[in-house]
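In what follows, chains carry the letters A, B, and so on, assigned in the order in which the sequence lines appear, proteins first and then strands, with residues in each chain numbered from 1. Here the structure is a predicted model, which means the values were calculated and not measured.
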Amino acid sequence: MKRTDLPSRIVDLGLSRGATDASVKLIDLDRTMIRFSNNEVTVFKSYREALIAIFLMVGKHRAGSTINLSSVEKVESVVERLIKIAKTSPPADVYAPLPRGPFRYDPSLLKPSKVSFAPRRLVGYVEDAIGGVLEAGAKKAAGSLVATKTRTVLATSGGAQGTQEKTNLEISVRAFTSEISSGHFVSISQREEEFNPGEAGRIAGEIAVAALNPAPGEPGKYTALLGPLVFADFVNQVGMLSSAFLVDIGQSFLVGKIGSEVASEKFTLLDDPTLSGSYGVRAFDDEGVPTRRNKIVDGGVLETYLHNSTTAKKFKTETTGNAGLIVPRPWNLVVEPGDKTFEELLSEIDRGIYVTNDWYLRYQNYRTGDFSTIPRDGLFVIEDGRIEKSVRELRISDNMIRIFKNIRGLSESRFWIKWWEVGIPTLTPYAVVEDLNFTKSTM
Amino acid sequence: MEGLLEQVVDLALTMGADYAEARFQSDITETVILKNGVPDATTLSEARGLGVRVLFKGALGFASTNLLNRRAFKNAVKRALKGAKAASRAVSLGVRMGEADLGKGRVEVKPRISFDYVDMDARLELLSEADRRAVEAAKEAGADLPARIFTLDTLTTEKTIITSDGARVSSSIPRVALSAFMTAYHPQKGAVQRFFDRGEAAGWETVERWDIVRLAREEAYSLAKVLMEAEKPPKGVVDMILGPEVIGLVSHESSGHPGEADRVLGREAAQAGETYLKADSLGMRVGSQLVNVVDDPTIKGSFGFYLYDDEGVKARKRVLIKEGVINEFLQNRETASVFGVESNGASRANAYNREPIVRMANTFLEPGDYTFEELVEDVREGIYIKNFMEWNIDDRRFNQRYVGLEAYKIEDGELKGLVRNPVLEVTTVGLWSAVDAVGKDLEFQAAYCGKSDPMQGMPVWTGGPHTRLRGIRLGGGT
């Protein structure tokens, strides 16, 4: 039996043992990560994995398992155990059969681009990034380079059959000019020709140089210019918390907001895994449903949650092609651009703060959207339309919906962002937000 | 498996490695989820494989595979070495594995009640009962509990580690973890939310001891009371008593993390960040005489329990802050060689396909000699923060914020009514220096600590006693 036939065989096995529905994925992963700090490589890491993800339903009873690629006997025993667990578990409130095909997938989304995984070439990318940091005048570089090749073979009892191959490159670079002055930027791409680690290093280095000698920041409400890294983090919150699963458990500020204004009319957010050549491209979801371009927020109004067929049935709607068999999720977030240059956005701010990055975003209340997060790397006071000085030690303590409603402008230029703090690849502009609340430590 | 790992290490040395370490790790996890009173999918996951690390001319290479055969293992060694060789051109200082107390032996935590004896439907029935009681309890306090999710995990971790310089250790550790999130709601009062967790290295007997039904009931009742009764906190400077859940988090975030030697050296600079401490900060005063923060992986039953770390080094208790003074960093063999000390056994990896790095285990403020009543009776105007929802800290571990959830006013030595969302936003030194009395009680909370790239969520305990701080300015600084 060919390895790629395994998912269909396991689906048949599950159905023959009493499952009403089955979805099986075979995932082959080949990943290299190079971490670097203090201008040198700290570790070279190489991962190879072959996994099988099995999900079975017996009506309203559902069970799933992820195991190593294994012998047929082992797979059989896992399937039998899952069937037994499903049959003896109490039922869920909803039974949504897996969507029935046949499905057609866009062939342009299924094939990988050519990327070299030669270790010396990948180390070369790291050297380019470090070179960019140092050429910009910063002293120290740290970061991670990741090169990933995946093949996903999916089969479902609904007749879905597909093989998706992908390659990705990403680098995250942080530059330091002192222990309290730093900058950060990234480059992510499916294609080598669009991957630019040297440029990411240079931008990080320039921010770090500008951030030298920061003064203590003053708390208060400011017009904020949010750079692509920090705005991508906020946009990720809207994207992830639009998952119907999280809405259902109250872990979202979008509960009950369909059709309501949740952002400024300037803000439109899509989940678009069909954007050929982009990092988060994907032809089908975990139920085998072809992915599609979903407008989550259109001109400030919340249009949809993200669904699999189970959450869709519960919410009396249709799947959006975002399964996650348990938790629906966005694949590839895209913010529509604005109409101004960075310089124009900056020049229109009389008194403000330019935030280049943030980390550690935590909610006081997901339902209301009250949260705080900590700006890190370059943080600058803006006066009379110009960057005046570098500051530090401030915290953004505000409300997510208020922030999105207070968007005054977006840049026409956009950047693909994904890194440690931004899990979903996001194409984002700069954003200007009115009255952003900053706090600081009191002692 | 030990024989195969020996071959992996031998092959790496034959191929030119200066050091080699082979780790087999198997993690079996069973999860039941109850969402708004009904079961979601039950999941079983198995992650088993080899992680191999090699040193070549100061360059560190790591490779993993989940294909459990000789060919795949050999290929992993080749990949690790090839990577290290390619990296060696971009290495100047290089990595060395310092001398350490390397172990030989086996650690086995034997559950009194095996997870195999408890079917998934019984686990779900337990959560269902807890959920029903929680809803009832919130109702008693006048609120609805419209959104709830309970997750119960049982985990079994098996490890075998062999290094080229003599470590030979293996372990089998069962763990159980409960995680819950609930929203209390009232049409006029709005909504409040709470996460709570439990976790230990033990068998099902621990779940029975936790009494999840009672726990859920109490948590829901308290949350509803907060929603219905909490009033605005006072403004200005007050004294503050932090409960074990809060002081445990403080110990973890602003003593454990800044004391990680890899942060001091900048190895985590691009992700988890650096630290306000420097290599010469040992001996620096950061708190009052009463502050003693330790990290101890050897506590039996603890969520962060281990007796040998993932470099095969014997674990021991680490005293991070002693009488208010920085005393010791958390070290693995790589960082210890830079500092010229011996590793204190802080190297951990959360899966076969993750490199071992410096991590905490069970971090806590050591108890003092006050009862809770004695702490309260000496406060004229203050706030008692029992637990929290929002928190964060900068990546140098110096500016932090904790927002109280269940919190009470203290007036003239007596506990009064609930207050809403009091904010403690202070520096690390400011916080530890404000400690003027430490309780004699000691409680722990379970958590998964996040660090490294790719992210490694590591089971830990955080803990401490009720602790009093003097002269805290409330609010977020505006």
For [X], which atoms come within 4.5 Å of any heavy atom of chain B: side chain, backbone, both, or neither?
{"X": "A:Ile85", "answer": "side chain"}
{"X": "A:Pro91", "answer": "backbone"}
{"X": "A:Glu421", "answer": "neither"}
{"X": "A:Arg120", "answer": "both"}
{"X": "A:Glu49", "answer": "both"}
{"X": "A:Arg31", "answer": "neither"}
{"X": "A:Tyr363", "answer": "backbone"}
{"X": "A:Lys84", "answer": "neither"}

(message) Tell me which pairs pass salt bridge (charged side-chain N to carboxylate O under 4.0 Å, His left out) where either residue lies in residues 55-67 of chain B, with sequence neighbours left out.
(response) none
(message) Distance check, rounded to the nearest 0.5 Å: B:Leu469 atom CG versus B:Trp432 atom CH2?
(response) 8.5 Å
(request) Take B:Arg263 and B:Arg397 through the test side chain to side chain contact (heavy atoms under 4.5 Å, CB included) and record every step on the way to the result. (result) CA-CA 10 Å; B:Arg263 283 174 176 273; B:Arg397 303 281 158 179; 3.2 Å; yes
(request) Would you mind telling me which of B:Pro454, B:Gly58, B:Gly471, B:Ser128 has the largest number of heavy-atom pairs within less than 4.5 Å of chain A? (result) B:Pro454
(message) Between B:Val403, B:Val429, B:Asn353, who has the most heavy-atom pairs with chain A when the cutoff is under 4.5 Å?
(response) B:Asn353
(request) Give me the contact list for residues 50-60 of chain A versus chain B, heavy atoms only, anything under 4.5 Å, ordered by residue number. (result) A:Ala50, A:Leu51, A:Phe55
(message) Quick check on B:Lys85 against chain A: is it the side chain, the backbone, both or neither that has a heavy atom closer than 4.5 Å?
(response) neither
(message) Under a 3.5 Å threshold, yes or no: a donor from one side chain and an acceptor from the other, between B:Thr335 and B:Asp262?
(response) no
